[in-house]
Amino acid sequence: MTDNGTDNARPDNFIEQIIHKDNASGKFAGGVVTRFPPEPNGYLHIGHAKSICLNFGVAERFGGHCFLRMDDTNPLKETAEYVAAIQRDVRWLGFEWGERESHASDYFEQLYEFAEELIHRGCAFVCSLSLDEIRATRGTLTEAGTPSPYRDRSVEDNLELFRRMRAGEFADGDHVLRAKIDMASPNINMRDPVLYRVRRAHHQRTGNAWCIYPMYDYTHCLSDYLEGVTHSLCTLEFEDHRPLYDWVLDTLATPHHPQQIEFSRLNLEYTVLSKRVLNTLVADGHVEGWDDPRMPTVAGLRRRGVRPQAIREFCHRIGITRSDGTVEMSALERCIRDDLEAMPRALAVVEPLKVVLTNYPEDREEWFTAPNHPQVEMLGTREIPFCRELWIERDDFMFDPPNKKYKRLSPGAEVRLRYGYIIRCDEVVTGNEGEAVELRCSVDLESRAGGANAERKVKGVIHWVSLRHGVAAEMRLYDRLFTESNPGRLKDGRRFTDVLNPDSLVLREGFVEPYLAGLDVGARVQFERTGWFYLEPERSRPQRPVFNRIITLRDNWA
RNA sequence: UGGGGUGUCGCCAAGUUGGUAAGGCACCGGAUUUUGAUUCCGGCAUUCGCAGGUUCGAGUCCUGCCACCCCAGCCA
């Protein structure tokens with residue numbers, strides 16, 4: 001059951017099926033423990049949301065629990081700011097980890113002891129080859145690597161060297177601890193992989209307590225083991241690492257052995273889901289930050305005005321499989337619109353064009369009662385002011401309509417003002433470029449609901465705002481960040497920076513009906529006929545509402 | 001070229017002892033509508049990467065191809 005009330009059951013995904021089988025066979029004594037293990041080196045994006053929903057969702061469905069674990073083994077790239085941002089985003093998405101917050105760095109001491117154990121067992125050795133030498137002796141995809149000359153150091157020598165590495169007696173790169181597996185393995189990950197490297201760097205959590213840091217492959221499986229994880233869910237690119245994951249746990253003969261299961265990561269059209277690329281967009285100033293509303297980050301979507309329910313529903317709809325594909329943006333957009341459908345309606349003009357009602361008295365003023373939602377009566381009504389001069393949407397007027405299907409204003413044409421009268425365009429005042437500057441219209445005073453001409457049929461209905469009462473507002477119209485559907489993998493020589501959409505953000509000065517100015521910051525509302533907007537907390541000021549366009553209305557107009 | 005994966009409608013995705021192709025998105029109708037919105041009805045894979053084979057019967061089993069993705073960080 002999702003938050004918007006739709007009970008859209010779907011068949012179990014392959015991971016849930018595996019868990020059902022494991023539970024049936026008693027493999028993990030019926031318990032289910034998962035973890036979401038981000039590296040705090042950037043903000044979470046919607047691809048992470050998929051993993052978060054999977055890990056927390058599976059734990060919840062099977063009555064287990066899920067850890068939020070910071071995979072902080074590389075002090076050079078990780079910061080406390082990212083840790084905080086990640087926690088905020090996971091929580092905002094609607095998931096709670098309670099006491100189960102962890103950091104790989106919590107286990108550094110235990111990890112170190114396991115490493116000595118590996119050395120004792122003759123399964124790890126200190127290698128003193130340089131970085132380049134290690135690379136050169138690793139072999140290639142088709143050729144086996146050659147064993148390190150240090151591979152047969154005695155247990156005693158290895159132990160002493162490793163302890164001295166920890167003690168800080170060596171410089172970065174002098175030595176590494178390597179697993180002793182098989183330099184001829186067709187799986188490159190098994191060619192004596194590095195387990196520990198010297199890194200004289202300040203760690204955001206452990207400070208200067210350590211100068212050697214464990215590598216991902218070594219850390220991850222043991223962290224999973226230490227936390228009692230049963231099903232370690234990760235993306236497909238780690239499939240080749242599973243033999244190493246298993247090797248470490250098998251070699252150490254841990255009493256519990258989590259099962260790694262891989263699924264395909266999310267790809268979304270017209271955006272990019274790679275922390276590296278997103279980081280570049282931020283660092284090079286192509287966007288205003290990780291939380292720029294155009295970013296596919298959780299923070300960006302939040303700031304755009306998207307609700308977490310929409311993101312969760314999206315993750316639910318796309319499913320979990322092992323086949324890689326690219327989801328169309330329309331799938332996400334559909335979820336966002338569905339979620340926003342119940343929001344109140346209002347009249348607002350994004351790009352104003354002045355209209356003067358020539359036969360409406362200058363000093364007259366009326367207030368029309370309008371429902372806040374056409375279908376949801378519970379949302380009540382409000383009063384909308386009306387007077388001789390109005391703003392209408394520039395797009396709702398055209399000198400020469402292309403065809404008879406056109407339903408808006410044009411010279412001589414009639415149209416109904418939403419919740420108000422029918423008007424006819426009698427005259428167009430033009431500017432230097434021949435553009436419309438003002439429309440002079442006549443109004444049919446009998447055409448309002450209840451009036452003698454209320455039933456008169458006109459081609460269309462347009463929205464409007466009283467010029468006298470309207471409140472000026474900043475409109476931030478967001479659109480896709482890239483012009484190509486797959487900016488991360490362009491066929492020709494272009495790079496993602498070459499296909500940024502110059503119109504991904506368009507600023508407009510508009511007008512909104514008075515009641516919108518009284519809304520609480522953070523409110524979401526549909527501007528009728530235009531789209532859903534978010535009164536952005538970060539930018540709005542008391543007398544200065546700033547609205548983000550979350551998404552346009554669906555437009556079926558051929 | 002070695003290893004590991006994946007291929008079911010434009011996109012996502014069910015299909016698990018072989019029995020005669022769910023659903024969602026998109027799209028196309030049509031109804032309702034003072035939002036070209038919403039809602040509502042209806043349509044949308046004789047076919048499952050390709051080619052053979054087994055079988056009364058195959059998306060599901062076998063064989064052989066093809067395409068695409070991942071791997072040679074002291075990143076995760």
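Note: hydrogens, waters and symmetry copies are ignored here, and every other heavy atom, side chains too, is used. A, B, ... follow the sequence lines: proteins, then strands. Residue 1 opens every chain.
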For the [atom1] atoms, the ones on [N] and on [M], what distance do you get once it is rounded to whole angstrom?
{"N": "B/rC71", "M": "B/rA76", "atom1": "C1'", "result": "14 Å"}
{"N": "B/rG36", "M": "B/rC66", "atom1": "C1'", "result": "47 Å"}
{"N": "B/rA22", "M": "B/rC48", "atom1": "C1'", "result": "14 Å"}
{"N": "B/rU60", "M": "B/rU17", "atom1": "C1'", "result": "11 Å"}
{"N": "B/rG53", "M": "B/rA14", "atom1": "C1'", "result": "28 Å"}
{"N": "B/rG7", "M": "B/rU16", "atom1": "P", "result": "15 Å"}
{"N": "B/rC28", "M": "B/rU33", "atom1": "P", "result": "22 Å"}
{"N": "B/rA31", "M": "B/rC50", "atom1": "P", "result": "40 Å"}

Considering only nitrogen or oxygen atoms on both sides, find all protein atoms under 3.5 Å from nucleotides 23-29 of chain B and state each distance.
residue	atom	partner	partner atom	Å
B/rC25	O2'	A/Ser330	OG	3.2

Partner nucleotide, any strand, of [N] [Watson-Crick/G-U, under 3.5 Å]:
{"N": "B/rC40", "value": "B/rG30"}
{"N": "B/rC75", "value": "none"}
{"N": "B/rC65", "value": "B/rG49"}

For A/Trp464, all residues meeting ring-ring contact (aromatic ring centres under 6.0 Å, His included), sequence neighbours excluded: A/Phe386
With A/Tyr216 via ring-ring contact (aromatic ring centres under 6.0 Å, His included) - residues at least two apart: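 ring-ring contact (aromatic ring centres under 6.0 Å, His included) check on A/Tyr216 returns A/His220, A/Phe238.
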Looking across every strand, which nucleic acid part, if any, lies under 4.0 Å from [X] by heavy atom: base, sugar-phosphate, or nothing?
{"X": "A/Gln17", "result": "base"}
{"X": "A/Gln526", "result": "base"}
{"X": "A/Arg456", "result": "nothing"}
{"X": "A/Thr219", "result": "nothing"}
{"X": "A/Ala454", "result": "nothing"}
{"X": "A/Lys405", "result": "base"}

If anything within 90° of 0 is syn and all else is anti, what is B/rG23?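 In terms of base orientation relative to the sugar, B/rG23 is anti.
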Take atom [atom1] of [X] and atom [atom2] of [N], then tell me their distance rounded to the nearest Å.
{"X": "A/Glu333", "N": "B/rC11", "atom1": "CD", "atom2": "C1'", "value": "13 Å"}
{"X": "A/Glu528", "N": "B/rA37", "atom1": "CD", "atom2": "C1'", "value": "9 Å"}
{"X": "A/Ile15", "N": "B/rA13", "atom1": "CD1", "atom2": "P", "value": "13 Å"}
{"X": "A/Arg489", "N": "B/rC68", "atom1": "CZ", "atom2": "P", "value": "11 Å"}
{"X": "A/Leu236", "N": "B/rG3", "atom1": "CG", "atom2": "C1'", "value": "15 Å"}
{"X": "A/Asn267", "N": "B/rA13", "atom1": "CG", "atom2": "P", "value": "11 Å"}
{"X": "A/Lys407", "N": "B/rU33", "atom1": "NZ", "atom2": "C1'", "value": "9 Å"}
{"X": "A/Met190", "N": "B/rG4", "atom1": "CE", "atom2": "P", "value": "13 Å"}

Can you tell me how the ring of A/Phe108 sits relative to the ring of A/Tyr213, calling it parallel under 30°, perpendicular over 60° and tilted otherwise? perpendicular
Please work out which of the three classes, parallel, tilted or perpendicular, describes the rings of A/Phe511 and A/Trp391, given edges at 30° and 60°.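 It falls in the parallel class, under 30°.
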I'd like to know if A/Glu341 reaches the base of B/rU38 with its side chain such that a donor and an acceptor end up less than 3.5 angstrom apart.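 Flag unset: no donor-acceptor pair detected.
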Shortest side-chain distance from [X], nucleotide among [options]:
{"X": "A/Pro11", "options": "B/rA14, B/rC70, B/rA37", "answer": "B/rA14"}
{"X": "A/Ser323", "options": "B/rC69, B/rU6, B/rA37", "answer": "B/rU6"}
{"X": "A/Trp532", "options": "B/rA37, B/rA14, B/rG36", "answer": "B/rA37"}

Please identify each residue that fulfils side chain to side chain donor-acceptor pair (under 3.5 Å) with A/Thr369, with sequence neighbours left out.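 Once residues adjacent in sequence are excluded, the partners of A/Thr369 under the side chain to side chain donor-acceptor pair (under 3.5 Å) criterion are A/Glu383.
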A/Arg524: partners by side chain to side chain donor-acceptor pair (under 3.5 Å), with sequence neighbours left out: none
Residue that, paired with A/Asn41, satisfies side chain to side chain donor-acceptor pair (under 3.5 Å) out of A/Lys77, A/Lys275, A/Glu78: A/Lys275
Taking A/Gly420's backbone N and O only, do any of them form a donor-acceptor pair with A/Arg416's side chain (distance below 3.5 Å, no angle check)?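 Side chain of A/Arg416 to backbone of A/Gly420: a pair is present.
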Do A/Arg178's NZ or CZ and the ring of A/Phe125 fall within the cation-pi criteria of under 6.0 Å and 45°?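 Negative - A/Arg178 is either too far from the ring of A/Phe125 or too far off its axis.
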Please say whether the positively charged group of A/Arg166, taken as NZ for Lys or CZ for Arg, lies over the ring of A/Tyr112, i.e. under 6.0 angstrom from the six-membered ring centre and within 45 degrees of the axis.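 Pair A/Arg166/A/Tyr112 counts as cation-pi.
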Please encode protein proximity along nucleotides 71-76 of chain B as a string of B, S and -, counting only heavy-atom distances under 4.0 Å. BBSBSB
From the options A/Pro149, A/Ser148, A/Pro147, select the one residue that forms a side-chain contact (heavy atoms from CB on, under 4.5 Å) with A/Cys127.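 Exactly one candidate clears the test, A/Ser148.
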For RNA chain B, whose closest nucleotide is more 5', that of A/Gly420 or that of A/Thr142? A/Thr142
Return whichever of A/Arg322 or A/Gly325 has its heavy-atom-nearest nucleotide of RNA chain B closer to the 5' end. A/Arg322
Ignoring hydrogens and angles, state whether a donor on the side chain of A/Arg35 or A/Ser232 is under 3.5 Å from an acceptor on the partner side chain.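 Indeed, the side chains of A/Arg35 and A/Ser232 share at least one donor-acceptor pair under 3.5 Å.
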